[in-house]
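Worksheet: the structure to be examined is printed underneath.
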Amino acid sequence: MRIAAVSAALPSRRVTNDDILALVREHSAAGFEGDLEDALRKVSFWLAYSGSEARLWCDGQERPIDLLVRAAEQALTQAEMARESIDVVIYTGIGRGFLEPGGAYHAAAALGIDRAQCFDVLDACMSWTRAVQLAEGLFASGACRTAMLVNAEFNMRPGGAVYPDVFTLRHADEITWSFPAYTLGEAASATILTADGEAPWSFEFSSRPDLAELCNIPMAGYADYSLPSEKVARNGVGRFTSFGFDLHEAARIEAMEVFKRLDAPTDGVSAVFTHASSKRFWQEMADTVGLGDQIFHVFQDTGNIVSASVPTAIATAVSEGRLNRGDRAIGWVGSAGMSFSAFSFVY
């Protein structure tokens with residue numbers, strides 16, 4: 001399997017850590033119990049500790065579908081490929097406007113891709129990686145020859161699962177299950193994959209469903225679909241709740257184990273692309289396996305862009321000359337679920 005093209009489209013509103021603190025202050029001031037400024041100092045410390053500097057959000061005029069179309073059209077141009085060549089469109093990730101039908105159908109319609117098969121892959125921040133593995137399986141079966149993976153991770157719109165409700169703190173303890181919201185950015189990406197039996201990818205996955213309670217956006221009636229948990233819905237139904245500190249602690253062990261199972265040679269690796277959840281965390285992980293100089297971060301500029309993290313990093317590395325044709329790269333992802341993956345490929 002070969003990446004024929006990968007492109008990212010980022011929104012224009014740059015939101016700094018100071019802007020995040022100001023928003024939390026604004027929305028929490030009326031009902032906060034305790035010392036709000038002390039709580040904000042904690043948020044500020046953890047933002048700096050993670051390596052966060054800024055993230056990008058849509059301004060009032062930007063729409064997710066427009067940025068998705070921009071990324072997809074750029075990818076088609078890069079690949080020198082006509083729309084009619086796309087056999088399957090796979091929509092990945094959390095950001096979406098529909099429960100029915102799959103977002104892939106609306107994306108394909110917006111792109112004028114009329115006859116491609118369409119379906120979605122939803123596995124939190126692991127969604128793009130899962131979709132890549134599925135695409136390789138489709139290629140191996142002979143079901144198709146060309147796949148386009150798209151996502152539109154735009155989760156910061158007012159009234160949505162994150163903002164402003166998760167920015168409205170009532171007491172300092174809520175930082176424990178709300179902090180990851182303050183690192184989130186927005187992005188769209190498009191990846192075109194083509195069948196190539198002489199360039200297989202290597203994947204390793206593992207899952208820890210016993211940790212499913214650590215990061216959720218529950219829907220109405222969720223309690224009838226899960227075991228009881230005090231952690232789920234701490235910020236309310238339809239709102240993002242994420243115990244980020246616990247997530248990263250678990251990931252420190254599990255992600256390292258899945259990387260070891262990949263058993264990929266580290267000599268000759270040009271770049272390592274990770275989930276953009278924390279610059280410090282993934283830098284420490286890469287340092288541990290001897291790939292600290294090869295890791296390519298976007299978190300400090302884009303924030304946590306969920307399932308768009310790896311394709312956006314690849315697109316950025318290519319544009320900056322950090323990844324060239326024939327280079328070997330490694331992907332490394334941890335996700336709510338929890339799930340973990342390490343994979344190796346030649347660009």
Query raised in the report: If you look only at pairs with a residue in residues 49-92, which of them pass as a ring pair (Phe, Tyr, Trp, His ring centres under 6.0 Å), with sequence neighbours excluded?
Result: Phe45-Tyr49, Trp46-Tyr49
Query raised in the report: Is the shortest heavy-atom distance from the side chain of Val289 to the side chain of Thr266 under 4.5 Å?
Result: no
Query raised in the report: Between Arg83 and Glu73, is there a salt bridge with N-O shorter than 4.0 Å?
Result: yes
Query raised in the report: Where is the tightest heavy-atom contact between Ala8 and Thr312, given as atom of each residue plus distance?
Result: CB-OG1, 3.6 Å
Query - Rounded distance (nearest 0.5 Å) linking atom CG of Leu68 with atom CZ of Arg63 - result: 11.0 Å
Query raised in the report: Within a radius of less than 6.0 Å around CD of Gln117, do more than 12 heavy atoms belonging to other residues, nucleotides or ligands occur?
Result: no
Query raised in the report: Taking 4.0 angstrom as the limit, do Glu257 and Arg261 come out as a salt bridge?
Result: no
Query raised in the report: If you measure only the distance, is there a donor-acceptor pair under 3.5 Å linking the side chains of Arg208 and Ser339?
Result: no
Query raised in the report: What are the two closest heavy atoms between Phe119 and Ala104, and how far apart are they?
Result: O-CB, 3.3 Å
Query raised in the report: Can any side-chain N or O of Asn304 pair as donor or acceptor with the backbone N or O of Val306 at less than 3.5 Å?
Result: yes
Report task. Could you tell me whether a side-chain N or O of Arg96 sits under 3.5 Å from a main-chain N or O of Gly93, the two making a donor and an acceptor? Result -> yes
Query raised in the report: Ser341 and Glu204: side-chain donor and acceptor closer than 3.5 Å?
Result: no
Query raised in the report: Taking it one step at a time, do Arg115 and Asp87 satisfy salt bridge (charged side-chain N to carboxylate O under 4.0 Å, His left out)?
Result: CA-CA 8 Å; Arg115 303 302 299 174; Asp87 298 320; over 6 Å; no
**Report entry** Single-linkage hydrophobic cluster Ile330~Val310, side-chain heavy atoms < 4.5 angstrom
**Finding:** no
Requested in this report: Would you indicate whether the side-chain heavy atoms of Cys215 and Met338 approach each other to under 4.5 Å?
Outcome: no
Report task. For the pair Asn216 (side chain) and Val232 (backbone), establish whether a donor and an acceptor sit closer than 3.5 Å, ignoring hydrogens and angles. Result -> no
Query raised in the report: Which word best sums up how the rings of Phe345 and Phe343 line up, parallel for under 30°, tilted for 30 to 60°, or perpendicular for over 60°?
Result: parallel
Report task. Search all heavy atoms of Thr92 against all heavy atoms of Asn151 and return the closest pair with its distance. Result -> O-CB, 3.0 Å
Query raised in the report: Glu186 and Met156: which non-hydrogen atoms are nearest, and at how many Å?
Result: OE2-N, 2.9 Å
Query - Nearest non-hydrogen partners of Ala188 and Ala71, listed with the distance - result: O-CB, 4.1 Å
Would you be so kind as to tabulate the donor-acceptor pairs closer than 3.5 Å made by side chains of residues 22-38, with sequence neighbours excluded?
from  : atom 1 : to     : atom 2 : distance (Å)
Arg25 : NE     : Glu37  : OE2    : 2.9
Arg25 : NH2    : Glu37  : OE1    : 3.1
His27 : NE2    : Tyr163 : OH     : 2.8
Ser28 : OG     : Val24  : O      : 2.8
Ser28 : OG     : Phe167 : O      : 3.1
Ser28 : OG     : Leu169 : N      : 2.8
Asp35 : OD1    : Glu37  : N      : 3.2
Asp35 : OD1    : Asp38  : N      : 3.1

Query raised in the report: Can you check whether Gly95's main-chain N or O pairs, donor with acceptor, with Glu153's side chain at less than 3.5 Å?
Result: yes
**Report entry** Donor-acceptor under 3.5 Å (Tyr105 side chain, Cys118 main chain)
**Finding:** yes
Query - Ser141 side-chain N/O to Ala143 backbone N/O, donor-acceptor pair under 3.5 Å - result: yes
Query raised in the report: Can you tell me if Asn17 and Ser52 form a side-chain donor-acceptor pair at under 3.5 Å?
Result: yes
Query raised in the report: Salt-bridged, Asp59 to Arg13, with N to O below 4.0 Å?
Result: no
Query raised in the report: Any side-chain donor-acceptor pair under 3.5 Å between Asn235 and Ser178?
Result: yes
Query raised in the report: Is there a path of hydrophobic side-chain contacts, each under 4.5 Å between heavy atoms of I, L, V, M, F, W or Y residues, that connects Leu193 with Val89?
Result: no
Requested in this report: Kindly work out whether a path of hydrophobic side-chain contacts (I/L/V/M/F/W/Y, heavy atoms less than 4.5 Å apart) joins Val333 to Ile3.
Outcome: yes
Report task. Check whether Phe203 and Ile90 end up in the same hydrophobic cluster, where Ile, Leu, Val, Met, Phe, Trp and Tyr are linked by side-chain heavy atoms less than 4.5 Å apart. Result -> yes
Query - CA sep, side-chain torsions, deciding dist, call: Trp332, Phe273, ring-ring contact (aromatic ring centres under 6.0 Å, His included) - result: CA-CA 6 Å; Trp332 204 0; Phe273 303 107; over 10 Å; no
Query raised in the report: Does CZ belonging to Arg252 count more than 12 external heavy atoms closer than 6.0 Å?
Result: yes
Query - Side-chain donor-acceptor pair present, Thr191, Trp128, cut-off under 3.5 Å - result: yes
Query raised in the report: Any donor-acceptor pair under 3.5 Å linking the side chain of Ser309 with the backbone of His275?
Result: no
**Report entry** Donor-acceptor pair, side chain of Arg2 and main chain of Gly197, under 3.5 angstrom
**Finding:** no
Query raised in the report: Among all residues two or more places apart in sequence or in another chain, which pass the ring-ring contact (aromatic ring centres under 6.0 Å, His included) test with Phe340?
Result: none
Query raised in the report: Any side-chain donor-acceptor pair under 3.5 Å between Thr168 and Asp165?
Result: no
Query raised in the report: Under a 4.5 Å side-chain heavy-atom rule over Ile, Leu, Val, Met, Phe, Trp and Tyr, are Val162 and Leu40 clustered together?
Result: yes
Query raised in the report: If you measure only the distance, is there a donor-acceptor pair under 3.5 Å linking the side chains of Trp282 and Ser277?
Result: yes
Query raised in the report: Taking Gln283 for the side chain and Gly292 for the main chain, is one N or O donor matched with an acceptor at less than 3.5 Å?
Result: yes
Report summary line: Heavy atoms of Phe259 and Ala342 approach each other most closely as CA-CB, 3.8 Å
Query raised in the report: Quick one: OG on Ser270 to CG on Asn324, what's the gap to the nearest 0.5 Å?
Result: 7.5 Å
